[in-house]
Q: 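One structure follows; several queries about it will come next.
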Amino acid sequence: MVKPWFRLICKREQLQLLGTLNGGQSFRWKFIDLEGDKKWIGVFEKHVWILKQNDDEISYQVYGSDNDEKFYNNMLANYFQLNLDLKQHFAEWSSKDPIFKKAANQFYGIRILNQDLVENIFSFICSSNNNISRITSMVEKLALLFGEKICDIDGQVYFSFPPVEALAQDDVESVLKKEGFGYRAKYISESAKLITKEGVGRWLEELKTLPYEESRTKLITLTGIGPKVSDCICLMSLRHLQSIPVDTHVYQIARKFYMHSLPKRKTVTTKIYKDIGDHFRELYGPLAGFSFVLI
DNA sequence: GACGAACCTGGCTT
DNA sequence: AAAGCCAGGTTCG
């Protein structure tokens with residue numbers, strides 16, 4: 001059955017799909033360019049989305065349920081956090097920071113996505129000390145092995161991200177080991193089991209109500225989640241926009257352009273981690289994490 | 001409590 | 001060709 005095309009009014013300067021979907025925030029989007037017909041295909045919230053963009057709007061198709069344009073527009077606006085006026089904040093941060101200003105002139109419309117909490121917990125467990133292409137294939141495998149089929153488009157089957165309960169089954173670790181997940185197989189299995197033991201709904205709902213520092217600490221109780229992964233989840237799934245995930249890249253930039261006295265280390269220590277986060281929170285304010293996409 | 005080393009895997013570099 | 005290096009860090013000692 002052919003799905004209708006819907007439209008979401010949205011200026012390109014407020015949202016640029018390339019930078020937002022291809023920046024390593026989500027691992028579930030693919031860019032397709034068939035003879036100039038450019039589109040993005042991805043999965044979120046148990047739906048498959050096909051997105052196209054021009055200067056004034058996003059046109060899209062949705063697979064997975066039947067609903068009206070208004071309903072889906074809300075889902076998209078929520079996913080992209082379109083309530084936040086990016087242009088206004090970019091102007092503010094540019095006035096405070098000439099380095100940001102320079103970057104903002106070159107890049108625009110890059111936003112922090114508001115992603116599914118469970119998907120991000122397990123996707124970012126996969127991300128540590130790993131490369132984007134393998135992370136992507138691991139997330140796809142999790143969906144394929146333990147998720148549910150959403151639909152079939154042009155011979156390609158799409159799966160939703162599995163619920164915690166599915167990842168807490170007894171054979172998950174051995175299955176993932178066999179699938180090449182390495183030591184992260186155990187992290188995924190153990191984390192899913194811990195959440196399940198405490199009650200999936202209860203654990204997740206409590207996490208959503210906690211303030212930033214406390215939700216950060218609660219996430220770190222899971223195996224395979226440390227400071228950086230925890231901040232990714234806080235920023236991208238719990239809307240704690242003051243959270244600054246300090247990866248090696250951010251550390252290099254911070255040391256080179258912002259904090260020249262930062263010691264040179266192979267890995268980021270706890271103190272360095274905190275100092276960098278505090279520096280940018282001081283510089284950009286409570287939405288500092290949102291500026292992080294350009295750092 | 002603060003470091004540094006070890007860590008699965010696969011792709012890319014010597 | 002085989003070894004070495006590295007990638008959105010975390011865990012372990």
Q: Indicate the ring-plane relationship of A:Trp29 and A:Tyr79, choosing parallel, tilted or perpendicular according to the 30° and 60° boundaries.
A: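 Rings of A:Trp29 and A:Tyr79: tilted, 30 to 60°.
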
Q: Answer yes or no: is there a side-chain heavy-atom contact under 4.5 Å between A:Asp66 and A:Lys3?
A: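 A:Asp66 vs A:Lys3: side chains touch.
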
Q: Is the A:Trp5-A:Tyr60 ring centre distance short of 6.0 angstrom?
A: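 So the answer is no for these two rings.
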
Q: Testing the basics here: between A:Val246 and A:Lys228, what is the closest heavy-atom pair and its distance to 0.1 Å?
A: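 It is O-CG, 3.5 Å.
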
Q: If I pick the P atom on B:dA6 and the same atom on C:dG4, what distance separates them, to the nearest angstrom?
A: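 The answer is 14 Å between these two P atoms.
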
Q: Considering only the P atoms, how many Å lie between C:dG13 and B:dC8, rounded to the nearest integer?
A: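 Pairwise P distance, C:dG13 against B:dC8, rounds to 13 Å.
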
Q: Output the single nucleotide from B:dC3, C:dG8, C:dT10 whose closest atom is nearest the side chain of A:Ser127.
A: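 Among the listed nucleotides, the one closest to the side chain of A:Ser127 is C:dG8.
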
Q: So what does A:Ile225 hit on the nucleic acid, given a heavy-atom distance under 4.0 Å: a base, only sugar-phosphate, or nothing?
A: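 Counting heavy atoms under 4.0 Å across all strands, the contact made by A:Ile225 is with sugar-phosphate only.
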
Q: Looking for any heavy atom pair under 4.0 Å, which part of the strands does A:Ile220 touch: base, sugar-phosphate only, or nothing?
A: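 Nothing: the residue A:Ile220, judged by heavy atoms under 4.0 Å, touches no strand.
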
Q: What is the distance, to the nearest angstrom, from the CD1 atom on A:Ile132 to the C1' atom on C:dG9?
A: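 Computing the A:Ile132:CD1 to C:dG9:C1' distance gives 13 Å.
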
Q: Assign A:Glu190 to base, sugar-phosphate, or nothing according to its heavy-atom contacts below 4.0 angstrom with the strands shown.
A: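 It contacts nothing in the nucleic acid.
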
Q: Which is true for A:Phe124 with a 4.0 Å heavy-atom rule: it touches a base, it touches only sugar-phosphate, or it touches nothing?
A: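 Base: the residue A:Phe124, judged by heavy atoms under 4.0 Å, touches a nucleobase.
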
Q: Pull out every stem in DNA chain B, meaning runs of 3 or more consecutive Watson-Crick or G-U wobble pairs with both distances under 3.5 Å.
A: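 In DNA chain B, stems of three or more pairs: B:3-7 with C:9-13, B:9-14 with C:2-7.
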
Q: Mind checking the C1' distance from B:dG11 to C:dT10? Whole angstroms is fine.
A: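 Their C1' atoms lie roughly 22 Å apart.
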
Q: In whole angstrom, give me the gap between the P atoms of B:dA5 and C:dC5.
A: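 The same atom, P, in both gives a distance of 14 Å.
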
Q: Got more than 12 heavy atoms from elsewhere within 6.0 Å of NZ, A:Lys218?
A: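 Yes, enclosed.
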
Q: Rounding to a whole Å, what distance do you find between A:Leu222:CG and C:dG9:C1'?
A: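 The answer, rounded to whole Å, is 15 Å.
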
Q: List, with names and distances, any nitrogen or oxygen atoms from the protein found under 3.5 Å away from nitrogen or oxygen atoms belonging to nucleotides 9-14 of chain B.
A:
unit_1, atom_1, unit_2, atom_2, d
B:dT9, O4', A:Arg134, NH1, 3.1
B:dT9, O4', A:Arg134, NH2, 3.4
B:dT9, O2, A:Arg134, NE, 3.2
B:dT9, O2, A:Arg134, NH2, 3.0

Q: Report the residue (A:Lys186 or A:Lys228) whose heavy-atom-nearest nucleotide on DNA chain C is the more 5′ of the two.
A: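 So the residue in question is A:Lys228.
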
Q: NA contact type, A:Thr270, heavy-atom cut-off 4.0 Å: base, sugar-phosphate, or nothing?
A: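 Counting heavy atoms under 4.0 Å across all strands, no contact is made by A:Thr270.
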
Q: Rounding to an integer number of Å, can you tell me how far A:Lys271 NZ sits from B:dG1 P?
A: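 A:Lys271 atom NZ is separated from B:dG1 atom P by 16 Å.
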
Q: Can you tell me if A:Glu165 has over 12 outside heavy atoms packed within less than 6.0 Å of its CD?
A: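 Yes, the 6.0 Å shell around CD holds more than 12 heavy atoms from other groups.
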
Q: Do the two ring centres, one from A:Phe100 and one from A:Phe90, sit under 6.0 Å apart?
A: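 When the ring centroids of A:Phe100 and A:Phe90 are compared, they turn out to be within the sub-6.0 Å range.
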
Q: Would the A:Phe146 and A:Phe159 ring centres measure less than 6.0 Å apart?
A: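 A:Phe146 vs A:Phe159: aromatic centres not under 6.0 Å.
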
Q: Between A:Gln252 (CD) and C:dG9 (C1'), how many Å, whole number?
A: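 Result: 14 Å.
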
Q: Can you confirm whether A:Asp68 is buried at CG, in the sense that more than 12 heavy atoms of other residues, nucleotides or ligands lie under 6.0 Å from that atom?
A: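 Correct, the count exceeds 12.
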
Q: When the distance from CD1 of A:Ile188 to C1' of B:dC8 is rounded to whole Å, what number comes out?
A: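 So the CD1-C1' distance, A:Ile188 to B:dC8, works out to 12 Å.
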
Q: Rounded to whole Å, how long is the line connecting atom CD1 of A:Ile276 with atom P of C:dG9?
A: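 Rounded to whole Å, this separation is 13 Å.
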
Q: Would you kindly give the NZ-to-P distance between A:Lys264 and B:dC3, to the nearest whole Å?
A: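 From A:Lys264 NZ to B:dC3 P: 17 Å.
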
Q: Can you tell me the distance, in whole Å, between the CG atom of A:Leu219 and the P atom of C:dT10?
A: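 These atoms are roughly 11 Å apart.
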
Q: Taking atom NZ of A:Lys102 as the centre, report whether more than 12 heavy atoms of other residues, nucleotides or ligands fall under 6.0 Å from it.
A: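 At most 12 heavy atoms, drawn from other residues, nucleotides or ligands, come within 6.0 Å of this atom.
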
Q: What's A:Pro245 touching, base or sugar-phosphate or nothing? Going by heavy atoms closer than 4.0 Å.
A: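 Nothing: the residue A:Pro245, judged by heavy atoms under 4.0 Å, touches no strand.
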
